[in-house]
Amino acid sequence: MIQLSLEHLTKSFDSNLVLSNLSFHINEGEFVSILGPSGSGKSTIFNLIGGLLRPDDGTIQLSGEKINGKRGSISYMPQTPSLMPWRTILQNVLLGQELKGKADPETAREMLHIAGLTDYENAYPHELSGGMKQRAAFIRALLSPQPVILLDEPFSALDELTRHDMQKWLLDIWSEHKPTILFVTHNIEEAIYLSDRILILSSKPAKVVEEFKVPFSRPREGELLLEEKFLACKKEIHTALKNQ
Ligand code: ADP
Ligand code: MG
């Protein structure tokens, strides 16, 4: 069943045409990644879905309801973690839940523990490194109760090992609760490892130029990344991206 649908979206900033007649659909419980050149409009797409921006033309629908310009109907982790400086880390990760009237500090503490942030529960954002802030913003998005989660390059500031831990953790959470996830990354491996489907965007104005269905069964183990078939898939997507 289609949960999120973007139909004929157009968006300009003054004379800068960023999206032109962009359409795609995401099914309920699906994990979809978007890959595209930098500056192609990926974050703009998320700002539109999150209701922070309004499209000039076109429709965004969530479970059949038009949500153009409407905030709060999806869970959104923006590219730059927007933690509130006057709230502690625990208070920050609970924000999405508080807004919907059901804070669960116990689960939040468990998640902070898994992400290695237990010692920072009562710290303020300025006391954290970039990677720690990113993990806190990630947890906030996961805890937020909406059925659709947008993650804009959520692991870009993490070292390789932490990134891999977070990827595995995300897959665990996803397979347990089956939220619908739309994920932006620059990392082809990450997109293949995590997703059911990958959308390749053209450079500005962005359009979906190719779509890959990831052929690997789940659960996926880290060893998959070293297999021949994985590398072949990576190469195919790399070529598609290079042609943009
Ligand atoms: P990506 O996330 O794919 O790197 P963005 O969506 O951030 O790309 O940006 C796409 C284009 O839109 C760029 O040319 C950028 O300068 C422009 N843009 C994005 N947000 C704004 C904004 N709020 N005001 C003006 N221009 C913007
Ligand atoms: Mg971006």
Side-chain angles (χ1 to χ4, degrees), residues 4-26 31-60 62 67-84 130-131 133-138 140-142 144 148-158 163 166-167 170 180-195 197-212 234 237-244:
L4 181 68
S5 99
L6 279 62
E7 298 275 1
H8 311 296
L9 288 192
T10 298
K11 179 72 191 172
S12 299
F13 297 103
D14 298 321
S15 62
N16 183 7
L17 179 63
V18 179
L19 306 179
S20 171
N21 199 14
L22 173 87
S23 301
F24 64 81
H25 307 277
I26 313 291
F31 197 130
V32 176
S33 287
I34 296 180
L35 282 170
S38 146
S40 58
K42 303 181 294 298
S43 296
T44 302
I45 294 170
F46 275 17
N47 284 331
L48 289 166
I49 301 171
L52 279 68
L53 294 172
R54 268 184 174 278
D56 302 331
D57 215 340
T59 310
I60 307 162
L62 179 69
I67 56 161
N68 290 27
K70 193 174 161 206
R71 296 189 192 196
S73 39
I74 50 110
S75 169
Y76 177 20
M77 173 182 173
Q79 192 168 356
T80 28
S82 55
L83 301 174
M84 298 189 162
K133 280 187 234 181
Q134 202 170 39
R135 275 174 280 159
F138 177 59
R140 182 175 62 192
L142 294 180
S144 209
V148 178
I149 305 176
L150 309 182
L151 301 168
D152 194 350
E153 304 195 30
F155 306 140
S156 60
L158 306 184
R163 172 188 275 254
M166 292 294 113
Q167 290 169 347
L170 176 58
T180 304
I181 297 184
L182 190 51
F183 192 96
V184 164
T185 176
H186 273 125
N187 188 319
I188 300 176
E189 272 186 8
E190 179 169 79
I192 303 172
Y193 179 53
L194 296 175
S195 316
R197 213 154 41 100
I198 298 173
L199 307 176
I200 310 275
L201 291 190
S202 64
S203 49
K204 202 172 51 119
K207 271 198 173 97
V208 178
V209 283
E210 278 200 57
E211 187 184 315
F212 288 87
K234 192 173 154 185
I237 292 174
H238 184 80
T239 307
L241 263 175
K242 225 173 53 184
N243 293 337
Q244 294 323 305

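Numbering of ligands and ligand atoms starts at 1, following listing order. Values below: every heavy atom of this structure, side chains too, minus hydrogens, waters and symmetry copies.
Residue Lys42 holds the heavy atom nearest to atom 3 (O) of ligand 1 of all those in Lys11, Gln79, Glu153, Lys42.
Residue Val18 forms a side-chain contact (heavy atoms from CB on, under 4.5 Å) with just one option from Thr44, Leu53, Leu48, Thr10, and that option is Thr44.
Among all protein heavy atoms, the one lying closest to atom 7 (O) of ligand 1 is Ser43 CB, 3.7 Å. In terms of protein heavy atoms, atom 9 (O) of ligand 1 is closest to Thr44 OG1, 3.9 Å.
The Mg ion (ligand 2) has Gln79 among its coordinating residues (N/O/S atom, backbone or side chain, under 2.8 Å). The distance from the Mg ion (ligand 2) to the nearest N/O/S atom of Ser43 is under 2.8 Å.
The shortest N/O to N/O separation between Ser38 and ligand 1 does not fall below 3.5 Å. Remark: ligand 1 and Phe13 share no N or O pair separated by less than 3.5 Å (distance only, no angle test).
A donor-acceptor contact shorter than 3.5 Å is absent between the side chain of Lys204 and the backbone of Gly39. Not a single donor-acceptor pair under 3.5 Å links the side chain of Glu153 to the backbone N or O of Asn187.
Side chains of Asp152 and Tyr76: no donor on one and acceptor on the other come within 3.5 Å.
Look at Gly39 and you'll find a heavy atom under 4.0 Å from some atom of ligand 1.
For Asn16, every heavy-atom contact with ligand 1 shorter than 4.0 Å involves the side chain, none the backbone. Only the side chain of Val18 comes within contact range of ligand 1, with a heavy atom under 4.0 Å; no backbone atom does.
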